[in-house]
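Presented below is the structure to which this report refers.
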Amino acid sequence: MVTHRVPRQIDETTAERLLDGEPVAGHEPLARLIAAASAPGRDEELIGEAEALAAFRLARHAAPASTGASRLKGRLARSVVIKAAVLVVAAGGVGGVAFAASGGHLPDPDGRRQPRHAVAEPDTPPPPDSDPPPRERVPPTAGTDPGKVERIRVLCNRYFAKDIDHRRSALEHEPDFRDLINYAGGRDQGTVDRFCDGVRAPASHPNWPMNGAPSPRPDGSLTWRPNPAPTRRQTQPHPTPAKPFTKHHGSSSAEGSAGDSPAR
Amino acid sequence: MRETPVRDSTRDTEEAPAIISSDDLDEALLAARMGDETGFRLVFQAAQPGLLRYLRVLVGADAEDVASETWLQVARDIASFDGDWRGFRGWTATIARHRAIDHARRERRRTDVATPVERFLDVPAADDTAHDALDALSTDQAVAMIATLPKEQAEAVMLRVVIGLDANESGRILNRRPGTVRTAAHRGLRRLAADLGQAGSW
């Protein structure tokens, strides 16, 4: 179905919002393009690491500054490989990088394993639901308000970082998640799961906020709703990506690069 | 250079992924500046995808080579780099741009022809791309579309959207006033919107 639309005029405010990554109504194709350009990094985009590290070692040996000990503590020291390097885009604030704990090994780019470093401290066990787990940090705002999309992304990341048993009670009790419930349009776990799934998925995912429309609530405020008609992607398992981005408890969908998902 | 992504045998039993914030990368960067390899690897992994995409717009198929030259200089000079993660993004983008300019000069001397991006990606005209790809616009396609913009607009958009710099920071890299950079980015968006609009279909 091809319809020709004259694009709405893009004034400076709209342009700035789009550049911040907001899914501005009426400019969905452009917002999608921007989202695709700033999508999480893929594994093949980490090419060149071994060479860069070799150059770094050479430079260090020219001016040795440390012993072999890692100065980084805790989870940063343990987890070296960023499985899905999210582009840290400053939408008036900060972004984040998702990575998976490597389980005690420090993988070496040329394949050898090194023992876990003695300096690394074990994570403290997460306190009961009242606070976010210590391994995860919500990126701080930087003075100006982050874009709405950025906030949604942050909330969804926090939500998925909880294991399934804790998500329902988190939705009920954590004040920040009230916003998430508003965005998702429902306070039940299934609704929020689906919404956040779409938020974290590539722009081609049918549930992504871009693939929906602003939807007025009874009080007149707006929320985003995914396209109401179920698509094939909603009833089939998400296609297995060639290079999974992140894995998280319970979610049935694995993210893949937007280019890998065939149009269906 | 062939790069094999590292796979850890404990992958399948990993816990839920955590989030590295900018604070973490500040910390990693500080460690890298003091010679810590783990820190260096973290900032590399966080910065490289953005640099590659930016370089794709500047030098097309030679992005990986120029990125490699970029990191040689970064590795050499990082010990004397003074700044946080945000500053590092701008710094590495600046180095990348300089290496790209050097590379382009060498190429012109060698071949007398600038390397068009389209040759790398075999990408059709912007409006055809948009029409085919509205359902599954990949990162590469999006970057290729941005690369069809006039150079100043393309760079302004990439530095903002992909590297995450504001108009002041981008202005320093491009040697332009912030207002000029902002205008260029907005013009780029309007042009992209027009191309996408011509493709129709939403």
Side-chain angles (χ1 to χ4, degrees), chain A residues 2-5 7 10 15 19 28-30 32-34 36-39 41 43 45-49 52 55-56 59-60 65-66 70-72 76-77 80-82 85 87-90 94 96-103 105 107 135-137 139 157 161 204 246 248-249 258-259 261 263, chain B residues 1 3 5-6 8 10 14-22 24 27-28 31 34-41 44-46 48-50 52 64 67-68 71-72 75-76 79 86 134-140 142-143 145-146 160-162 164 185-186 189-190 192-194 196-197 200-202:
Chain A
V2 175
T3 55
H4 284 276
R5 265 179 94 239
I10 299 179
L19 290 168
E28 288 83 0
L30 185 53
R32 272 173 147 167
L33 184 150
I34 289 171
S38 56
D43 281 351
E45 289 177 306
L46 299 183
I47 192 171
E49 181 179 336
F56 180 74
R60 257 184 60 214
S66 63
S70 171
R71 294 168 184 277
L72 292 174
L76 281 185
V80 172
V81 177
I82 299 179
L87 294 176
V88 183
V89 176
V94 294
V97 182
F99 72 105
S102 63
H105 292 287
R135 74 165 62 246
E136 159 202 285
R137 260 187 260 171
N157 284 339
S204 57
T246 59
H248 40 75
H249 286 309
S261 301
Chain B
M1 186 197 74
E3 184 76 7
V6 179
D8 189 287
T10 64
E14 283 162 352
E15 297 104 355
I19 300 175
I20 299 190
S21 67
S22 267
D24 293 332
E27 191 185 327
M34 294 194 286
D36 186 279
E37 286 191 12
T38 304
F40 180 80
R41 291 185 65 196
F44 174 92
Q45 291 173 18
Q48 175 69 334
L52 277 180
E64 282 86 358
S68 155
W71 283 103
L72 285 183
R76 205 186 60 215
R86 192 190 178 103
L134 277 178
D135 274 347
L137 194 66
S138 74
T139 298
D140 291 342
V143 170
M145 284 194 70
I146 296 171
R160 170 71 177 271
V161 161
V162 170
H186 294 181
L189 284 197
R190 291 188 191 111
L192 288 169
L196 292 168
S201 159
W202 167 244

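Below, read A as the first sequence line, B as the second, and so on, with proteins coming before strands; counting in each chain starts at 1.
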Side-chain heavy atoms of A:Ile34 within contact of B:Leu192, under 4.5 Å: no
How many angstroms lie between atom CG of A:Leu72 and atom CE of B:Met34, to the nearest 0.5 angstrom? 8.5 Å
One should read off an interatomic distance between B:Thr139 OG1 and A:Glu45 CD, to the nearest 0.5 angstrom, of 6.5 Å
One pair to check against side chain to side chain contact (heavy atoms under 4.5 Å, CB included): B:His186 and A:Ile10. What are the steps and the verdict? CA-CA 8 Å; B:His186 294 181; A:Ile10 299 179; over 6 Å; no
Would you tell me whether B:Gln45 and A:Glu49 have side-chain atoms, one donor and one acceptor, within less than 3.5 Å of each other? yes
All heavy atoms of A:Ile47 vs all of B:Glu64, minimum pair found to be CG2-CG, 4.0 Å
Let me know if B:Ile146 has heavy atoms under 4.5 Å from chain A in its side chain, its backbone, both or neither. side chain
I need the minimum non-hydrogen distance between B:Ser138 and A:Ala36, along with the two atoms involved. O-CB, 3.9 Å
For B:Ala185 versus A:Leu19, what's the shortest heavy-atom pair and its separation? CB-CD1, 4.0 Å
Could you report the tightest heavy-atom contact between A:Ala59 and B:Ala75, atom names first, then the distance? CB-O, 3.6 Å
In short, A:Ala37 meets B:Val161 closest at the heavy-atom pair CB-CG1, 4.4 Å
